[in-house]
Structure formats: C-alpha cells, structure tokens
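Presented below is the structure to which this report refers.
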Amino acid sequence: MSSSPRTIDVRPQQKLPLSKTFSLCINGVKHRILRSALTLAVVALAVAFFMFLQTETRLLQSVGRGAQTELEDLRFANRRLNLYTQNRRISGQSKVLAGQQFQNDPASWNEISAVTGWDVPRIKRLAQAAKQEQTYLNFFEDLPLGQRVILAGKTKSRQTLKVLADDGAWEEFLLNLEPMHNVSVPEGPDALRTVLDSYAAYLEELGAFNRAWNLTVSQVRDDLEALDAETALSESLASASPAKLAQVRELITRAGFKLTAPELEKIQSQLQTQEQLKTVSAALNRNTMMEAWKKTFQERNAPGLEEKLSRLDETKVQKLLADEFSKESLLDVQQYFLRSRELEKTLQALAGRIDLETASGIAGRQMFLLLISLMVCMVGITNAMLMSISERFREIATMKCLGATDPFILRQFMLEAGIQGAAGGLIGMGVGFLIAVGKTMISFGWDTFTNFPVGGVFLSALISFCCGVALSILASIYPSWAASRMAPMEAMRIE
Amino acid sequence: MGRLPYGAHGSDAYRIIQTIFMEFNETSYAENKEVVVSIHEIQRLYSRGTETVRALDGVDLNLYRGEYACVMGPSGSGKTTLFNMIGGLDSPTAGRVFIDGVDMAQLNAKELAFLRCRKIGYVFQQFNLNTTMTALENVMLPMIFAGMHPDNARVRGMALLSKVQLEERWRHRPKEMSGGQMQRVAIARSLANNPALLLCDEPTGNLDLKTGKEIHNLLYDLNKNDKVTIICNTHDHNMLSVSDRMIWMTDGKIDRIALTADVHIEKASLGEEDYE
C-alpha cells in the first residue's frame, strides 16, 4: 500500500516561456490599472525629475554655447583686426598657446608657423611647455595665500617659478612642502623640477617667439596704415572699395595670416554697422535730440542710449531721425546693438548656474538632490509593490496550487515592475522634457531652440528611461522574492 | 465526546453518526479498489508561542479511486491541515503521504508544482478565481502551466465549461458572475488537467442553499459519471448525502469512518425536514 512503487511519472514542472509570463503580466497590469498607477506615478515623478535636471542643463549649455559663438561672431571684426594690428607687445601669447583650443587645432599651428616663420614642431614644443607652465602657475595661484608665501615667498605668477628654479630655494620648497599633506603638486614635485630646470630656456624661447610674432604684426600694421594714412583702419576699411579690400587682403595674407575674401567682406560689413552705431548714438545723444525726446515722449529725463535704441522702431523716433538715417540702416544698427546686449545678458545669467565646458554639467548639489529623489522613489516603489502583493496573497497562493513555480511568480512580479517602470519612465521622460523646455523658454525665449541639443536630449531621455526601469526592477526584488516564497496553503485561508 | 453547542454546523449529522452504531469494515470496502491517496501515521505540529499545537496527531487514511469522501469535524479538528497535506501544500512533521504511489516528501519544489498542476484539482470555499481573467482564461490557466498548446487548451476549456453549463459565459469575468457560477468555473478549472483527485475545501461554504445544491449535484455527477475521485471538507448535510464515505475528525485524529449508505435514510429525511 504505502510501499507501492511509483505508478506515475513525476517530473519537475516545466518553465513557462517568457512570452506567456509577459502576456499574463500585461493582463494583470491592465486590470489593476489603479494599483499600477501608484507605482507608475512614483517612477514617473523620479524619472521626470531626473530628465528635467539633465535636459535643463543641456539646454542651458546649448543656449550658453550658442550665445558665446554668436557673440564671438558679432565681435569677429574686432577680434580679427586686433590680431593683425596689435599695438602692444603680446605677452599673453603663452596663454593662447597653452589653451586647449589651440592644442587641438592644426590650422592655427600652421597659421602661427607662417606668421612667425617657425616650423610647426618647434611651435608645438613651445605650446607644450606653455601648457605645463600654465598648470603650475594655476597650481600656485590656487594655493591659499599663507601656504604660498611659505612655499615660495612673496612672489607672484612667473616670478614664483623663476625664484624656485634656484637650487637653494628649491631645497627649501621641498622642506616646506613635506608637512603640507593637503597640497599635492600636479604630477609630483619631480615633474615640477624638470619644468623648472628648463624654465630659463623656455622663457627665452617664448621671448624669441613673441619677437618674431610682433615683428610680422608691426610690419602688417605699418603696411595697412600706409594704405590710408589719413583715417583709422576701421574707418577706412568700412568705406573701402573692392579693389582696396583685395589689396588689404593681399597684405595680410602675405604676412602669413589666413583671411578669405568673404571673411574680409564680413569684417567690412560689421565695421560699417559699428560706424553707424557710433553716428546713431552720437545723434541720439545730441542736446537737440534730448530736448526733442523729452517733448515727444513727455518724459522729464531723456533715457539712456540703450533704452532709446530699444524703442527705436517707434515711428516717432524714426520721424526724429528721418533726416539723418534711412529706416533700414536704423533697424540694422538697432538689431546689432540689441542682439549683442541680449547675448551678453544671457551669458551673464548663465555664468553662475552651469559650466559651459564640462559635458554633463550637473552640479554637485543637484546630484545630491537627484540621488535622494531616486532613493525616495525606490522606497516608494518597494512599498507600493509590497501593498499590491499583500492584496494578492490569495491569488499568488492559488496560482501556486494550479502549478506555478517559485521562479515563475518571481519573474511575473519583476516583469510587472519592469512594465510599470517602463510606462512610468516614458511618462516621466515626457513630463521632465516639457518642464525643462518650458523653464528654459521662460528665461531665454526662442533662443532655446536655435541650438537645440537633439542628441544630448535623446541621450538624457535614454538615461532617464533606463534609470526608471532599472530603479523599479531593483526596488521590486524584495517584494517579488517575498511573493515567490509565499506558501500555497494561504489559498485555503478564509478571511 | 460531548455534544456540540446547539446550532453548530453539522451537529445533527454528528448526533446521527454517533447514535447509529456501525462497524466500518475497511477491508470489505476496499476490495477491488485502487488506492489514490495513502496517508500513513502523519503528524503535524505547529508552535504557537511556547505551546505546541498538534493539528494532526497520527492520521491513517486511504482514499480509493472513484470514491466520494467527505471529511467532517468541528473547526480546529485538523481538516484543513489534512487537506494541505493531501494537496501537497504543506509537509507533515512526521509520517508520509503518497499520491498515486508517489511519496510527497521526496519531491522538490518543482516536482511538487508538477504534481499540484496535474494530479490534484483544488476547489476553494472562496472560489479563488483570478479576477483579471475571463472564465475561459481561468479554466485554461492550469493547462497553460502544464505546457498545453493554447489552442488545445481553449478547446478543452470550452468543453469543461460546457460540462458545468457555463459555456455561454466563457467571456465573463468573475465579478460579472454569481457565487454558484464562480464555483462552477472553479470546478471546471480544477478538472483542467484530469487530476487523480479533486480536493474541495468547503465548496458550498460561501453559497446559499439552492446554489449549494447545484454544486452538490455537479460534484455528484462528476463522481458518478466521470469517475472523478473527490474528497470534500464540509459542514453541509446535503453534501453528505451524495458522498460514499464520511470521515469524522476531532482533535487531529480520525474519530470515525462510516459509509454513507448506512446512515442514508435517516439523514435524508432529516435534511428534508430541517431545510425544505
């Protein structure tokens, strides 16, 4: 009787295919939409916050970078003319050489090589040394004053390095450095020593480079002045004929600088606008104009130039200035002026908020907030899942009576969490994106879209979405495990 | 054995069984019958705080293929624990349970799931249908777990639903059905994989008398026509009248076993008088 042999074949219960489990899950989520909505909302909130932080940072960065480039573009003429006609000796050239932008741009190596007559490897060597020098200059600059004085005496910038190059001073420096545990010399004191050893040679080389550069630049300047001795260069260029422009270009390119014809035309048109701006502001600031302004606008004090320019499209002002300027030229000047002011304001507004250089740009405090919110979200999801499981005691136990295995229950609940996380992630992504765009638009208007960082936003969306799914799955590990461990005899229990 | 308090369920039946003396001879009953479930000296102890509760205290029982057995007893007598043992939902502290000759203690979790899925059908007092699924999907669920192709499962599910006269309501969800209908769906579900044994835990406990009777008739038909082995835990007199054998439990032990045929006349008349 009890010792009778196995008359039936008992095998391990087979695994249900994932698609079946998935369809069962979808069915469950669909019919428990309210309960699912709770988990979903928690995920959506966290993802929205994450998405918002990322997208806003990226948008602000793109707005800032856009403003920077546009402003550079507006100042193109001045920058270029300065390059060709610098009056003072260039001492800041080492900073340019040390800059990341220069280091990565072969075109500017060639240009500098042509201007100075040096070969490229020599310039690159110098640039490398300048970069090292800059590293150590920054290092000493960033030290607290007390420590700096102890280490290098009351010296500043280059002088510090010059002083330390002396053997005696170096010994002392090392002695003083030893107890300062919080001070670490970039790449170690040995690297600094190597730089110091060749420092005198470097300075000499830099001097030679500057002399070579200045020689060419002063040559170009003299040549340009010789073209038109009467007027200043910017004025003469503004009104120069095409033939004369070609001459100017010929002069500049012969010295080694790169200057294409369209670039020169751009310079000319910008100079023209600047000239106009000067005359407009002169006109607006004349006494007669002041009186006329007060009268027409019935204001006690005539406003400043900026405000006047911003009101320039009003017909009254146009009437006032109709004798001197055409409407088009006024609008040109106004646009140029207002735009550059706006861009400067944008950059100012962004200055304290984000870092334009780094890639992610999320500041430390925001990161902290983000982590906290993700943790709160995880606790929320775990709680919601536990609730949903305790509501479904009987269902889980019945499933087990019908032949569900522990891994099946575990998978089912994890999948459910994954589905909810994905749905919440999608919603949160959208909400976060809209909030970020809305907030940026309130501050910067349509500039938000001029350099819209499509790739960056996609990346943020992807990160946020994955984060949401991962978060909900992570948070559901414990509840799902608890559900899978539930005894099937719970099904018999009567409430 | 004292009298149960007045009004307790099953007290009349209890009295009947107590007053009619009858020697149940297992050897003659078991002749030519195949054992489906064999329970051997099982004990189940629970610790409640510091004291130990003996939910089952040395139970020996054989269930035969094709029989309809009813387990009766006051609450706390160990009926549910016995059911958990037979159903493979819990394991005994001592002793052994065999289903179709398979020792349950030697099965691992997945084999137990296999056994529960194919060899045992469960009918619960509270129906325990999945509320998010239609009647047909509920019936199909054990077949899906058993790895049957969904098309075959659908055909068989419809056949089972028509057996419980609910083929027209296959699309309805549990909340759109009455208690009796839900229990019928649950019975159809329990039959899904042709189990060797149907475990019914108070199947009419949540139903009114009329629907309860429908369920009895259904179970009776299944037992007599389809030769389904049924073990039923009940307080319901009507249920007793359709069974072959009654098993009376008290204090975790089997108190008495009787053939329903021996008490049938008395009981039936009593049932009529009391309830109709």
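Scope of the values below: all heavy atoms of this structure, side chains included, with no hydrogens, waters or symmetry mates.
Summarising the geometry, atom OG1 belonging to A/T405 is positioned 11.0 Å from atom CG belonging to B/N108; distances are rounded to the nearest 0.5 Å. The distance from atom CZ of A/R394 to atom OG1 of B/T131, rounded to the nearest 0.5 Å, is 11.5 Å. To the nearest 0.5 Å, atoms CE (A/M399) and CZ (B/R116) are separated by 13.0 Å.
For B/A196, no part lies near chain A; criterion is any non-hydrogen pair under 4.5 Å. For A/P407, the part lying near chain B is the side chain, with the backbone staying farther off; criterion is any non-hydrogen pair under 4.5 Å. At a 4.5 Å heavy-atom cutoff, the contact between B/L141 and chain A is made by side-chain atoms alone. Neither the backbone nor the side chain of A/D406 comes within contact range of chain B; no heavy atom of the residue lies under 4.5 Å from a heavy atom of that chain. In this structure, chain B has no heavy atom under 4.5 Å from any part of A/R392.
Side chains of B/L89 and A/K400 form no contact here, defined as non-hydrogen atoms less than 4.5 Å apart.
Smallest separation of non-hydrogen atoms from B/F145 and A/L402: CD1-O, 3.7 Å. Considering all non-hydrogen atoms of both residues, A/C401 and B/F124 come closest at SG-CZ, 3.9 Å. The heavy-atom pair separating B/A113 from A/A404 by the smallest distance is CB-O, 4.2 Å.
Under a cut-off of 6.0 angstrom, the local environment of CZ in A/F449 is crowded, with over 12 non-hydrogen atoms contributed by other residues, nucleotides or ligands. The 12-atom threshold is not exceeded at NZ of A/K15, counting heavy atoms of other residues, nucleotides or ligands nearer than 6.0 Å. The 12-atom threshold is exceeded at OH of B/Y46, counting heavy atoms of other residues, nucleotides or ligands nearer than 6.0 Å. For A/M375, the CE atom counts as loosely surrounded, since its 6.0 Å shell holds 12 or fewer non-hydrogen atoms of other residues, nucleotides or ligands.
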Applying side-chain contact (heavy atoms from CB on, under 4.5 Å), run through A/L24 and B/M133 and close with a yes or a no.
CA-CA 9 Å; A/L24 283 176; B/M133 295 177 176; 3.3 Å; yes
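Top candidate by heavy-atom pairs under 4.5 Å with chain A, chosen from B/T132, B/N130, B/L112, B/D90, is B/T132. Put simply, of B/P142, B/G87, B/A109, B/G88, the one with the most heavy-atom pairs under 4.5 Å next to chain A is B/P142.
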